[in-house]
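Beneath this line is the structure, given in structure tokens, with notes to follow.
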There are 2 protein chains.
Amino acid sequence: MKIPPKKYKYSWPIEATLDVIGGKWKPLVIYTLKEGTLRFSQIVDKVEPRITQRMLTKELRELEKDGLVKRKVYAQVPPKVEYSLTKKGESLIPILDELCDWGSEHMGDDIEFTCEE
Amino acid sequence: MKIPPKKYKYSWPIEATLDVIGGKWKPLVIYTLKEGTLRFSQIVDKVEPRITQRMLTKELRELEKDGLVKRKVYAQVPPKVEYSLTKKGESLIPILDELCDWGSEHMGDDIEFTCEE
DNA sequence: CCGTATCCCTAAGGATACTG
DNA sequence: CAGTATCCTTAGGGATACGG
């Protein structure tokens with residue numbers, strides 16, 4: 001008996017949520033933007049200098065597509081682009097807070113930074 | 001100026017948490033075990049028939065290593081192995097609940113099943 | 001400054017067959 | 001029943017160079 005193909009993109013809601021925040025840098029980007037609007041280069045500085053432009057652009061585009069992040073382009077040279085959270089994006093903050101707390105509590109020894117300063 | 005190598009396994013606590021629950025089937029396995037102890041084959045049935053033995057074994061081993069799941073082997077033929085959550089594993093349930101709720105609320109149209117029945 | 005465009009590599013995940 | 005053992009495919013992520 002054959003297993004039928006999936007009708008939906010996701011089987012379980014948890015899958016869907018993790019897909020949206022599951023990129024390597026996505027949760028950090030969202031978490032960083034919770035304080036307010038930031039420019040592209042500021043995100044690089046705040047999140048992690050190790051991130052490449054290609055990856056940050058890619059993940060920001062996906063976050064935008066999923067409606068978590070707003071992108072505002074200023075028509076000027078050199079370019080200026082600002083990113084901020086949408087309502088939908090903000091609704092993830094409490095969850096990210098808990099993910100952060102759980103990590104600190106249970107895996108603290110393997111982690112460089114803490115949740116808040 | 002060179003970026004120094006990482007001293008810790010993770011930079012941010014969120015990373016650490018997502019690494020622990022981030023496998024394809026891990027959150028579902030944890031979520032399924034929250035009702036109580038289950039045998040290997042029962043997990044397959046409950047989580048998703050699409051999962052392969054290899055993958056389920058692999059993820060269960062990792063969950064065990066991370067201290068989220070207990071494994072109890074009965075010395076009998078045919079084998080019987082029971083899995084259950086540890087305290088640490090149980091501590092993730094509230095977070096998974098929220099991940100589930102968020103998914104239902106914001107991505108409902110792309111999802112086959114709901115959080116609870 | 002804020003991106004693309006390429007190319008590359010590794011790890012995650014899967015198919016299938018076999019076994020105590 | 002509950003796994004290993006192999007082999008294979010793909011997607012995620014990264015390095016680097018170039019462009020408006």
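We name chains A, B, ... by the order of the sequence lines, and we start the count at 1 in each one.
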Go through residues 55-64 of chain B and report each residue with a non-hydrogen atom lying under 4.0 Å from DNA chain D, sorted by number.
-> B/Thr57, B/Arg61
Should the heavy atoms of other residues, nucleotides or ligands under 6.0 Å from NZ of A/Lys46 be counted, would the total exceed 12?
-> no
So which one's nearest nucleotide on DNA chain D is more toward 5', A/Gly22 or B/Val81?
-> B/Val81
Does the side chain of B/Asp97 come under 3.5 Å of the side chain of B/Tyr31 through a donor N or O and an acceptor N or O?
-> yes
Gap between atoms NZ and P, on B/Lys24 and C/dA12 respectively (whole Å) = 14 Å
Measure from CD on B/Glu48 to P on C/dG13 and round the result to the nearest Å.
-> 14 Å
According to a strict under-4.0 Å criterion, is B/Trp25 in side-chain N/O contact with OP1 or OP2 of C/dG14?
-> yes
Residue A/Arg54, side-chain heavy atoms: nucleotide from C/dT6, C/dG14, C/dG3 that is nearest = C/dT6
Could you walk me through whether B/Leu63 and B/Lys26 pass side-chain contact (heavy atoms from CB on, under 4.5 Å), step by step?
-> CA-CA 8 Å; B/Leu63 289 171; B/Lys26 283 184 189 177; 3.9 Å; yes
Span of DNA chain D in contact with chain B (heavy atoms, under 4.0 Å) | D/dC1 to D/dT6
Begin with the C-alpha distance, continue with both residues' side-chain angles, and end with the deciding distance and a verdict on side-chain contact (heavy atoms from CB on, under 4.5 Å) for B/Ser91 and A/Trp102.
-> CA-CA 8 Å; B/Ser91 71; A/Trp102 195 92; 2.8 Å; yes
Side-chain contact check for B/Pro79: nearest option of C/dG14, C/dC2, C/dG20 is C/dG20
When you look at A/Ile111 and A/Ser104, which way does the side-chain contact (heavy atoms from CB on, under 4.5 Å) test go after all the steps?
-> CA-CA 8 Å; A/Ile111 304 172; A/Ser104 293; 5.6 Å; no
Euclidean distance, A/Ile30 CD1 relative to A/Glu59 CD, rounded to 0.5 Å = 9.5 Å
Separation of A/Gln53 atom CD from C/dG3 atom P, in whole Å?
-> 9 Å
Nearest-neighbour nucleotide for the A/Tyr83 side chain, C/dC2, C/dG3, C/dT16 considered | C/dG3
Looking at A/Val69, A/Thr37, A/Leu38, which one forms a side-chain contact (heavy atoms from CB on, under 4.5 Å) with A/Ser84?
-> A/Thr37
Tell me, yes or no, whether the heavy-atom count around B/Lys34 atom NZ, taken from other residues, nucleotides or ligands under 6.0 Å, exceeds 12.
-> yes
Between B/Lys80 (NZ) and C/dG20 (C1'), how many Å, whole number?
-> 19 Å
Between B/Tyr74 and B/Glu82, which heavy-atom pair has the shortest distance, and what is it?
-> OH-OE1, 2.9 Å
